[in-house]
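All ligand and atom numbering here is 1-based and tracks the order in the structure. Owing to the predicted nature of the structure, the values given are computational and were not obtained by experimental measurement. Along the sequence shown, residues carry numbers from 1. Because only heavy atoms are used, hydrogens play no part in the values below, and waters and symmetry mates are left out as well, while side chains stay in.
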Amino acid sequence: MSALLYKMGVCDLGIEWFTAVQHGSNLRKGENAVEFKTLFPILKKYLADDADVPYFFRELMAMITTVTEEEWGSSKDPSTKTKDETLRTYAKRGISQKLAKAIVYRLTPEILVERINEKSETVRNLLASDLHGYDASLNAENVAEQIAAWIVEIVQTRAGLIQQSELEKQKQKQAEAGLRNQYGYYLLNEVGHYCPFPGCGRPLTVSKDGKAADAYCVSVIDKKKAPEVRNLLALCPQCYATYSIDGDPKVSKELLNVKKILETRAQSLSLIDDLPLEKGIIRAIGKIKKLNEKDLADASLDPKEIKQKLRPADNIALYHTISFYVTTYFVKIKEIMINLDKRGEIDYEEVQDQMKAIYRRLKKAKKTNIEIFNEIVAKIHRISLQEDIYCQIVVSYFVQSCEVFDAITE
Ligand SMILES: [Zn+2]
């Protein structure tokens with residue numbers, strides 16, 4: 001349930017949480033560290049008193065993470081659920097390190113905040129007073145966010161990450177704000193306004209009550225190197241918070257790969273941005289979208305030429321994608337193009353020349369076939385705002401009709 005809610009509603013319900021994490025404003029460090037075994041029964045008492053321990057444990061997990069039970073890694077056989085007995089142990093002694101590691105980058109504290117804040121003020125006041133021993137300033141207003149912050153801290157610590165001191169936090173916050181000020185806009189565009197952390201994908205611009213707000217932080221990728229733009233990445237505040245205390249070189253390698261992909265994409269974009277493409281292509285895509293099964297069944301084509309341009313061994317997925325689209329659509333698209341050309345709605349010859357020019361430019365920049373294919377798809381998408389799948393069909397058409405990809409020369 002939480003994954004669904006998260007996908008549906010994060011734009012709205014995450015905003016307070018994320019601005020709080022981003023600015024470190026509402027989240028005070030508790031006076032004493034709270035343990036999972038302390039929090040669990042208190043949460044259970046106010047969120048689901050009549051449920052049994054394993055049931056509520058699963059409920060709680062659904063509130064704090066998008067990781068499903070099959071991925072917890074607590075059972076040897078991934079198809080079976082974790083034993084109730086194990087969950088009782090987790091509730092009593094804290095979650096295992098393995099489980100903490102599995103969920104640490106997929107936490108959804110904003111969902112937990114929302115669930116707690118759905119409770120009445122009376123309930124939230126009782127919850128706050130049960131936790132006064134750990135933080136005397138808790139009240140109905142702030143208890144949800146503080147509990148979420150504690151849970152995040154518990155999971156991070158259990159996963160082996162070391163919490164920063166207040167001074168370290170302060171210093172890092174300042175450095176981050178400076179980088180965000182300087183490079184934020186560029187980096188936000190680079191990632192297309194979604195968190196690029198593998199498995200996350202949270203929107204980095206959130207809206208509430210008609211107002212839009214940025215909810216992202218600028219992270220240094222390789223912490224041993226200088227914070228220059230090639231070593232920076234925009235992340236959601238939650239991924240940022242966890243990554244900033246994570247020293248695992250595997251994770252930073254993963255993020256460096258992400259950055260590389262983003263840079264390649266940005267380079268290709270600027271590479272062909274100035275090349276024109278007939279707006280009539282939008283018309284053609286509109287007609288392609290209307291083709292039904294019967295239209296297509298009568299007009300299939302055996303795409304012999306594809307084999308002369310693409311080696312299945314180089315990229316089997318690209319080869320099959322293009323072959324399939326050509327087989328299914330080529331004859332009909334040619335008809336559409338010729339008809340639009342006759343009516344003066346597209347200059348077909350011009351489009352062919354433009355496609356060739358775009359292909360040459362990308363080829364000259366030594367892009368791989370799949371990069372070339374994706375870049376042209378992206379360009380058509382930007383011009384037409386049509387779904388990628390139709391843009392792929394169009395590019396496949398131009399592969400077969402010889403504007404994209406040269407014949408392989410042995
Ligand atoms: Zn994220």
Charged tip of Lys223 within 45° of Tyr243 ring normal and under 6.0 Å:
yes

Is the closest basic N to carboxylate O distance between Lys171 and Glu168 below 4.0 Å?
no

May I ask you to determine how many protein N/O/S atoms are under 2.8 Å from the Zn ion (ligand 1)?
4

Donor + acceptor pair across side chains of Glu71, Thr68 (<3.5 Å)
yes

When you compare the side chain of Thr327 with that of Leu301, does any pair of heavy atoms fall below 4.5 Å?
no

Matching residue for Asp130 among Lys44, Arg124, Lys45 - test: salt bridge (Lys or Arg N to Asp or Glu O under 4.0 Å)
Lys45

Test side chain to side chain contact (heavy atoms under 4.5 Å, CB included) applied to Lys287 and Ile333, step by step:
CA-CA 9 Å; Lys287 296 211 176 292; Ile333 298 182; over 6 Å; no

